[in-house]
A.B. asks: 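After the structure tokens below, expect a handful of questions from me.
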Amino acid sequence: MKKLYILSILSIFVLSFSCTKQVDQSIYLVVGDQLSEVELNVVTDLQNDLKKVVNTPIEIVSEKEGFPESGTVFILGTTISNALISELAIQKNIHLSEEIPGSRGGIWAKINYKNQENIIVIAGSDTQGLQYAVYDYSKEILGIDPLEYWTGKTANKISNETVFNFTPKTIAPPKVPVLAYFENDVDELANYRGKLLEYDWESYTELIDALVRMRYNAIQLFDMLGRPEFFVRPEYKKLKPDYQVDIDFIDKMINYAHLKGMKIAIDFELGYQIHPMSADKADCWKTYKADWVSAWRYYLEETPLAKTDIFILRPRHQVWDWKYESTCGENKIDVFNEVFVVFGKLIDEYKPKAQKVLVCYSDGMEMWNEGFRPPEDWTVLWSDHGFGDFEHLPNTTDGYDFGTYMHAGYWLNHTVHNPYPNKVETIMKAMFQDYEADKFCLVNGQNFRPFLLNLEAYSAFCNNPDTFTGKDFYKMWTNRYFSNEASEHAIKSMQYLHEAQEGRKGYVEHLWEIREAVSYLSNAPIRRPGKTPIPFDYKRVIGDYETTEHAAENVQKALTEAEQGYQIDATNFYHAYILLPAQLYQDLITFETTLHKMTKLKQAFETSKNITALNEAKGLLPIAKEQLEAIYTRRASGDLDDKWKDWYAIKNRRQNNGFPTHDMLKAIEENLNKMTP
């Protein structure tokens, strides 16, 4: 009897379950019939982001397939690409048009549609507005780090209900219409996977993906085009004797950037290996004008540069990045007043709707203030001095659209970043207020990975300068990766790291100071490929003492704060971004300080012939050797994350200002021994 009762209960349960409609846990991403490739790409990114945080099927469906009758539904697109969004806008269920909120703006909304509650609408006034709306949603609601590939921060799992946990909002268009990343000095990025000066697909697509999520909407290709150093300079020829630019790869990368909604910016200088012009034709416009024009036409007719959207030109030497000094008696302002007219007409012939940008870099700013002017349809970018500040300011903007060329990183601090969100706030606000320089922002990110903080700070400011503060940005950025307590130490460490580089004295600048000390200690000139040797001179070293002491004091403080934070958050990213830069910098400064002690002792001996001073200098050599070995060891060990283990390896570093070697110390030892009476 008991057995029969149990079977009856079980039958009722099975019958009841079979009659209950299963809840559809799927997520549907509804796109329009007219969606572009860029829109499909961003919707696919949202699909992949959702897959990281929920465990339910996620399907992209077209509006023409019929509206899903169950599940969680996202409606995605613009009023142009998706008829459902257009219908919702017309019926005032959402507030969206091409003018509201405007180009590059978007919305998040929750609506009831076809008897379904809480349908999510993520849409844009245009395609870029859709992108920002989607990527902001992924970051703020799904917890996706926009820099995930570079930081290693992964999102946590969430429930399906959490995707509705947001307040509807309007995402205003960024203040600056064009925010461009400058692909410059990227040796480490090209080298760290083992193939020198070869740009792997994964690194560069991940770079572009991160930039788009940070609201960069253009990228200036430069190194990738085969910059002259790579196939002309002796250091690079020794490093990569068979260097050859990969034109097919360039074309492929341009296509990928376009797929991500980014514009391609190119400085149409004439030294790229993609089609190099002889340098001896680059310093006499009136004689070689036809060669310049012919080279530009070749770019536009025979290379992937035909796909350029933003044409950049500097009023400088068109092969090497230095001042234009005419070999045929020209006035350089007269030259470039004509050059920009000729080149502008060429652009109009091939790409009449393209944007033209003058970058007033270095002496270009002096030329502007002395009367150089391009045609009125050029946007003018004013350049910082490399560390976020300006040595020159314009006498007038003269009615031109003005923007800025800023450095998140600079070649003088290429290895260790100089974090300065507070400077981004004060300097950029002054440029916007005093010169209305808010029409374009070009940001030099050097080799990208060490400069993430400044890159995102410039992006955040250019998005909304009215709400940006360096203090709040520091807190937001560090809290994204570290605990509150560790974040405080990280901020203090980075602030001291910034103070250490006062006066534009970054890591690579200290490499030059080390060469000056080595030169004096070994009684040997500083030899530079293709340039006149610099005689050894104690006076060159004297000027480095004070700046090195200043750096040492602040780097030690940065390291102390970094170590305290690392005891709290011993993560790979804290090590890579907060602790390791301070360690690398201190290693170098410690070595330089020892060399400076030796130079003072050598000078004392030369002045007084006191053998004790000379012997003390020699006695520091074993210490210097140990310190140099420590530099090499730390750089060879690199990050804790195996993905980045060769990033700081000496073999992969950018070839600027050389690097101290054991042979240099041997030369010092031999010279000091010769000096013994």
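Owing to the predicted nature of the structure, the values given are computational and were not obtained by experimental measurement.
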A.B. asks: Keeping the roles fixed (side chain from Asp569, backbone from Ala486), state whether a donor-acceptor pair exists under 3.5 Å.
C.D. replies: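 Side chain of Asp569 to backbone of Ala486, a donor-acceptor pair under 3.5 Å: no, none is there.
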
A.B. asks: Please indicate whether Lys345 has more than 12 foreign heavy atoms, meaning atoms of other residues, nucleotides or ligands, lying under 6.0 Å from its NZ.
C.D. replies: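 Count not over threshold, so no.
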
A.B. asks: Is it true that Lys175 and Asn464 share a donor-acceptor pair across their side chains at a distance under 3.5 Å?
C.D. replies: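 The criterion, which ignores hydrogens and geometry beyond distance, is not satisfied for Lys175 and Asn464.
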
A.B. asks: Taking the six-membered ring for Trp, are Trp382 and Tyr435 closer than 6.0 Å centroid to centroid?
C.D. replies: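 Centroid distance Trp382-Tyr435: not below 6.0 Å, so no.
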
A.B. asks: Does one side chain, of His407 or Gln446, offer a donor that lies under 3.5 Å from an acceptor on the other?
C.D. replies: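 No, Gln446 and His407 have no side-chain donor paired with an acceptor closer than 3.5 Å.
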
A.B. asks: Going by atom types alone, do Tyr405 and Asn444 pair a side-chain donor with an acceptor below 3.5 Å?
C.D. replies: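 There is such a pair (donor and acceptor under 3.5 Å, judged by atom type) between the side chains of Tyr405 and Asn444.
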
A.B. asks: Taking atom types as modelled and ignoring hydrogens, do the side chains of Gln34 and Ser81 form a donor-acceptor contact shorter than 3.5 angstrom?
C.D. replies: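 No pair is found: no donor N or O on one side chain lies under 3.5 Å from an acceptor on the other.
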
A.B. asks: Would you verify whether the NZ or CZ of Lys643 falls within 45 degrees of the ring axis of Tyr149 while also being under 6.0 Å from that six-membered ring's centre?
C.D. replies: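 So Lys643 does make the cation-pi contact.
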
A.B. asks: Atom CD of residue position Glu87 - does it have more than 12 heavy atoms of other residues, nucleotides or ligands inside 6.0 Å?
C.D. replies: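 Enclosed: over 12 neighbouring heavy atoms sit under 6.0 Å from CD of Glu87.
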
A.B. asks: Within 45° of the axis and under 6.0 Å from the centre of the six-membered ring of Tyr132, does NZ or CZ of Arg215 qualify?
C.D. replies: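 Geometry flag: set, cation within 6.0 Å and 45°.
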
A.B. asks: Once you measure the plane-to-plane angle for Phe482 and Phe573, does it fall in the parallel (<30°), tilted (30-60°) or perpendicular (>60°) bin?
C.D. replies: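 If you compare the ring of Phe482 with that of Phe573, the planes turn out parallel.
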
A.B. asks: Quick one: which of Tyr420, Phe473, Phe432 gives a ring-ring contact (aromatic ring centres under 6.0 Å, His included) with Phe461?
C.D. replies: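 For Phe461, the ring-ring contact (aromatic ring centres under 6.0 Å, His included) test succeeds with only one of Tyr420, Phe473, Phe432, which is Phe432.
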
A.B. asks: Let's go through Arg314 and Asp321 carefully: what are the C-alpha distance in whole Å and the side-chain angles of both, what is the deciding distance for salt bridge (charged side-chain N to carboxylate O under 4.0 Å, His left out) to 0.1 Å, and is it a yes or a no?
C.D. replies: CA-CA 9 Å; Arg314 302 185 187 194; Asp321 187 16; 3.5 Å; yes

